[in-house]
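What you are looking at is a predicted structure, and each value in this text was computed from that prediction instead of being measured.
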Amino acid sequence: MRIVHVILSGGVGSRLWPVSRKSMPKQYIPMFGEKSLFQLTAERSKSLVDQTLIVGNKDNYLLSQADLLRAGVGNFTEIIEAAPRNTAAAIAFAALAVQPDDILLVTPSDHIITDEKAYEAALTESIELAKQGYLVTFGITPIKPETGYGYIEYNGNEVISFREKPDATTAQSFLDAGNFLWNSGMFCFQAGTFLAELEAFEPEILEKSKTCFACRAESFLPELETSQIPSKSIDYAVMERSSKIRVVQARFGWSDLGSFESIWEHWEGQGETQHFKNNNCVVGSKKHVEFLGVDNLVLVETEDAILVLSKNNSQDVKKIYERLEVEKPELVN
């Protein structure tokens, strides 16, 4: 039995446009002490696991390889998707690539985590539960009524229910109740346990993932077989339906850094005052910036685009990205 760190790296970070692009998604941008989120993710677990396995896509696997080199991770394997088919299939590929009793620690590549001792403690607890045949998800203690995350209602390690991203009033009620955690999108389980549950609930995803995986050429998955796999998240496919779910309440600091608001909060928490001026935040600009008569704004500048937004509208940047994909695709590539 090995502990295998599965890093999922297929996203484009559309809520961080114009900094994050298809050619340079947010997880590869060296915004954190000259390191990228991907590099930090690989470094965080390398002494705690036996192997690292990357599930990425054909557009960014070279970026992954470069960051793994910087992270000092030499023992890694890759599964390179022809097109994204969501997390249920991505994790199925990882599970098919290892032995059934191997334990998979599945994490996104674009989260920031602080307090390494607490991270190690959560991982140790999750591995013990995984050895008992459970599918483990990591829950984060909420610090505000966040509407951008799903929630887990819990009692100890027991999961009572999963909840969709709530509106502000519902999020506040979750916070007041005191028995809800943010759904981190991190998981731990034995490969065979996951595949058995996927077969029980989504046999078509498993069958077509197996076919696709069998047709791979070295690390590369084929396009035709990939396109036939139903696209569904692990949450919808398995986690919200299985009776084998357990949750570990993570005590480490965590953010998915999925929006400019979360980057603002991270920089603020780290005391990185150079990004702020008059309760406004500047991202990416090398110019001198002044603000007059406004606050709570984020100004984002890249070589070919400028974005100005209210911090409170950070979740809506994705709508601009989606519109530009159609109107001006060169601005998102």
Side-chain angles (χ1 to χ4, degrees), residues 5-32 35-42 44-45 52-68 71 78-94 104-113 137-138 140 146 148-150 165 182-187 221 226 229-237 239 254-263 266 283 300 302 307 314-325 329 331-333:
H5 183 195
V6 178
I7 303 178
L8 304 179
S9 190
V12 296
S14 57
R15 288 176 293 166
L16 290 180
W17 181 89
V19 175
S20 185
R21 307 289 181 100
K22 290 180 180 179
S23 59
M24 181 60 77
K26 68 167 182 172
Q27 60 266 35
Y28 301 108
I29 301 169
M31 292 175 62
F32 306 93
K35 295 182 179 182
S36 70
L37 292 171
F38 185 102
Q39 183 177 343
L40 291 171
T41 300
R44 186 180 306 127
S45 299
T52 301
L53 195 165
I54 315 302
V55 184
N57 64 55
K58 62 182 181 181
D59 297 324
N60 63 26
Y61 73 95
L62 293 175
L63 297 173
S64 296
Q65 290 177 359
D67 270 358
L68 288 165
E78 295 177 286
I79 298 170
I80 301 167
E81 297 178 301
R85 300 310 294 161
N86 219 314
T87 52
I91 297 167
F93 295 141
L104 305 182
L105 168 66
V106 182
T107 74
S109 59
D110 55 358
H111 292 182
I112 196 89
I113 287 174
T137 184
F138 293 77
I140 309 297
E146 174 64 59
Y149 303 147
K165 295 176 182 178
W182 286 337
N183 190 347
S184 71
M186 297 170 55
F187 310 97
L221 299 177
T226 294
I229 303 171
S231 177
K232 190 170 282 193
S233 73
I234 181 179
D235 292 301
Y236 289 139
M239 302 303 285
W254 173 89
S255 172
D256 75 341
L257 292 181
S259 68
F260 288 111
E261 181 178 17
S262 59
I263 286 182
H266 174 69
V283 180
V300 188
T302 63
L307 172 69
S314 293
Q315 297 292 334
D316 295 329
V317 175
K318 184 176 183 179
K319 296 176 183 176
I320 295 176
Y321 180 96
E322 289 170 346
R323 175 170 55 80
L324 291 174
E325 267 193 305
L331 286 177
V332 301
N333 290 329

On a heavy-atom basis, which atom in [X] and which in [Y] lie closest, and how many Å separate them?
X: Thr41; Y: Pro108; result: CG2-O, 3.6 Å
X: Pro18; Y: Thr302; result: O-CG2, 3.5 Å
X: Lys165; Y: Gly148; result: CE-O, 3.2 Å
X: Leu53; Y: Ala94; result: CD1-O, 4.1 Å
X: Ser45; Y: Leu105; result: OG-CD2, 3.9 Å
X: Met24; Y: Leu63; result: CE-CD2, 4.1 Å

Spell out, as yes or no, whether a donor-acceptor pair under 3.5 Å connects the side chain of [X] to the backbone of [Y].
X: Ser20; Y: Ser14; value: no
X: Thr87; Y: Ile234; value: yes
X: Arg85; Y: Ala90; value: no
X: Asn60; Y: Ser9; value: yes
X: Ser36; Y: Ile29; value: no
X: Thr226; Y: Ala83; value: no

> Should Tyr321 and Leu331 be marked as a side-chain contact (heavy atoms from CB on, under 4.5 Å) after you check the CA-CA gap, both sets of side-chain angles, and the distance that decides it?
Replying inline: CA-CA 9 Å; Tyr321 180 96; Leu331 286 177; over 6 Å; no
>> side-chain contact (heavy atoms from CB on, under 4.5 Å) for Val106 and Phe138? Distances and angles first, verdict last.
In response: CA-CA 10 Å; Val106 182; Phe138 293 77; over 6 Å; no
Are the side chains of [Y] and [X] in contact, using a 4.5 Å heavy-atom criterion?
X: Leu16; Y: Val317; value: no
X: Val12; Y: Asp59; value: no
X: Asn86; Y: Ser233; value: yes
X: Asp256; Y: Arg15; value: yes
X: Asn183; Y: Met239; value: no
X: Pro230; Y: Lys232; value: no
X: Ile320; Y: Trp17; value: yes

In Å, rounded to the nearest 0.5 Å, how long is the span from [atom1] of [X] to [atom2] of [Y]?
X: Gln65; Y: Glu78; atom1: CD; atom2: CD; value: 4.0 Å
X: Glu81; Y: Phe93; atom1: CD; atom2: CZ; value: 5.5 Å
X: Ser184; Y: Ile113; atom1: OG; atom2: CD1; value: 7.5 Å
X: Ile7; Y: Asp110; atom1: CD1; atom2: CG; value: 11.0 Å
X: His111; Y: Leu40; atom1: NE2; atom2: CG; value: 13.0 Å
X: Ile112; Y: Trp254; atom1: CD1; atom2: CH2; value: 12.0 Å

>> side-chain contact (heavy atoms from CB on, under 4.5 Å) for Val6 and Ile91? Distances and angles first, verdict last.
In response: CA-CA 8 Å; Val6 178; Ile91 297 167; 5.5 Å; no
> Should we say atom CZ of Phe32 is surrounded by more than 12 heavy atoms from elsewhere, each under 6.0 Å from it?
Replying inline: yes
> Taking the inter-plane angle between the rings of Trp182 and Tyr149 on a 0 to 90° scale, is it parallel (under 30°), tilted (30 to 60°) or perpendicular (over 60°)?
Replying inline: perpendicular
> Are any of the side-chain nitrogens in Glu325 or Lys22 under 4.0 Å away from the carboxylate oxygens of its partner?
Replying inline: yes
> If you measure only the distance, is there a donor-acceptor pair under 3.5 Å linking the side chains of Arg44 and Thr107?
Replying inline: no
